[in-house]
Amino acid sequence: MIFPAFILFSSFLCHVAIGGRTCPKPDDLPFSIVVPLKTSYDPGEQIVYSCKPGYVSRGGMRRFTCPLTGMWPINTLKCIPRVCPFAGILENGVVRYTTFEYPNSISFSCNTGFYLNGASSVKCTEEGKWSEELPVCTPITCPPPQVPKFAMLSVHKSSAGNDSLYHDTVVFKCLPHYAMFGNDTITCTAHGNWTELPECREVKCPFPSRPDNGFVNYPAHQALYYKDKATYGCHDTYTLDGPEEVECSKLGNWSAQPSCKASCRLSVKKATVLYQGERVKLQEQFKNGMKHGDKVSFFCKNKEKKCSYTEDAVCVDGTIEIPKCFKEHSSLAFWKTDASDVKPC
Ligand SMILES: *[C@@H]1O[C@H](CO)[C@@H](O)[C@H](O)[C@H]1NC(C)=O
Ligand SMILES: *[C@@H]1O[C@H](CO)[C@@H](O)[C@H](O)[C@H]1NC(C)=O
Ligand SMILES: *[C@@H]1O[C@H](CO)[C@@H](O)[C@H](O)[C@H]1NC(C)=O
Ligand SMILES: *[C@@H]1O[C@H](CO)[C@@H](O)[C@H](O)[C@H]1NC(C)=O
């Protein structure tokens, strides 16, 4: 029994001889590792702090010896992350980042009209370098556009050699006799293709027919095509209802179908009327009859209130309806006042 007791005792002696107490487990410093890591150290034992990969040390000691006091010296070591080169600017694009330090990633995107040429995100590595080459934003281009059948280029500016840039436009024109269906302008899109091409189709119009009491002129061709024109006119005392010139539309019909309308002969011999806001004498203003579409206002009397009001009459293709309230003034009845001279109601 003496033997084990002796061992215990001698180890105690030994301990005292080296002097004092053991050191505890060393403090945990952010981003560092301790070698060797134990729960306790005898005085004289050494430990080494070093920074984890991706971190570099700043200030302070790295190697410590457990002192007789059993208290590790104050450690001023700091491990700070490595910083990758500045990458906060991407021409024609945006960089999203918090910091450029290990182990963060940053991501990239390009403005519309540009595409990302390279990685969409990179990581700051342990070595303080970006995991991949930084990307660039490259302008999106469209290849030279197709020209639709029966069309030609009207406006085309290519700003990138033979290619066009995003938002560039090209305008087409159809060959004569062809009408455009769709938009004449195409635009280079952010997908690098063009918006839909228009179509050019041949369009014919029938020969216009001669209006009654009038005539029509048009080119003496085999056929009449889109944009061809015809002009109309009327014989004496007839008035054209519609435009003088019509055009063959892209729908294959004429822009209008004018006709000739008869003038109106007046059944009233004398009257003062309103014509285009003016008081005029009917018999003088319309000596040759009223034209189709002419409008006048006749004066009528309100007998009870002893005042006058007006009613309209329009010449429509040879007919005009005189308002029933209108009474033609008789020159014999000189004591009566004409309605046009009575105060308005
Ligand atoms: C444009 O196209 C023409 C003909 O295809 C070619 O000769 C020329 O090299 C091109 N230019 C550029 C800048 O690509
Ligand atoms: C034709 O396209 C252009 C641009 O692509 C657009 O601005 C215009 O409004 C379009 N026109 C019609 C009639 O759709
Ligand atoms: C252009 O490309 C996009 C994406 O590939 C596609 O969705 C679109 O239909 C294309 N436009 C035309 C006019 O071809
Ligand atoms: C031309 O034809 C179209 C379709 O048939 C029709 O909608 C349009 O009203 C016509 N235009 C004229 C001026 O007659």
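In what follows, every heavy atom counts, from backbone to side chain, and hydrogens, waters and symmetry copies are set aside. In each ligand, atom 1 is the first atom listed, and ligand 1 is the first ligand listed.
- Residue N183 holds the heavy atom nearest to atom 2 (O) of ligand 2 of all those in N183, V170, V171.
- At least one N or O atom of N193 sits closer than 3.5 Å to an N or O atom of ligand 3.
- Protein heavy atom in closest approach to atom 13 (C) of ligand 3: W194 O, 3.2 Å.
- Looking only at atom types and distance, the side chain of D312 has a donor-acceptor partner in the side chain of S297 under 3.5 Å away.
- Relative to the ring axis of Y226, R201 does not place its NZ or CZ within 45° and under 6.0 Å from the centre.
- Set against the non-hydrogen atoms of N253, the atoms of ligand 4 under 4.0 Å away are 1 (C), 2 (O), 3 (C), 8 (C), 10 (C), 11 (N), 12 (C), 14 (O).
- Listed for the D317 side chain is a donor-acceptor partner under 3.5 Å among the backbone atoms of A262.
- Taking the six-membered ring where tryptophan is involved, the planes of H177 and Y225 are essentially parallel, since the angle between them stays under 30° and well short of 60°.
- Taking the six-membered ring where tryptophan is involved, the planes of Y55 and F31 are essentially parallel, since the angle between them stays under 30° and well short of 60°.
- By the definition of a contact as any protein heavy atom under 4.0 Å away, atom 11 (N) of ligand 3 is in contact.
- Between K204 and D228, no side-chain nitrogen of the basic residue sits less than 4.0 Å from a carboxylate oxygen of the acidic one, so the salt-bridge criterion is not met.
- By the 4.0 Å heavy-atom criterion, T195 is excluded from the residues contacting ligand 2.
- In this structure a side-chain-to-backbone donor-acceptor pair under 3.5 Å is present from S308 to V342.
- Within a 4.0 Å radius of atom 7 (O) of ligand 4, the protein contributes no non-hydrogen atoms.
- Between L90 and P135, the shortest heavy-atom contact is CD1-O, 3.4 Å.
- Counting atoms of ligand 4 from 1 in the listed order, those under 4.0 Å from a heavy atom of L251 are 3 (C).
- Close approach of ligand 4 to S255 is summarised as follows: ligand atoms under 4.0 Å from at least one heavy atom of the residue are 13 (C).
- Of the protein's heavy atoms, T187 OG1, 3.6 Å lies nearest to atom 4 (C) of ligand 2.
- Each of the following atoms of ligand 4 lies closer than 4.0 Å to a heavy atom of W254: 12 (C), 13 (C).
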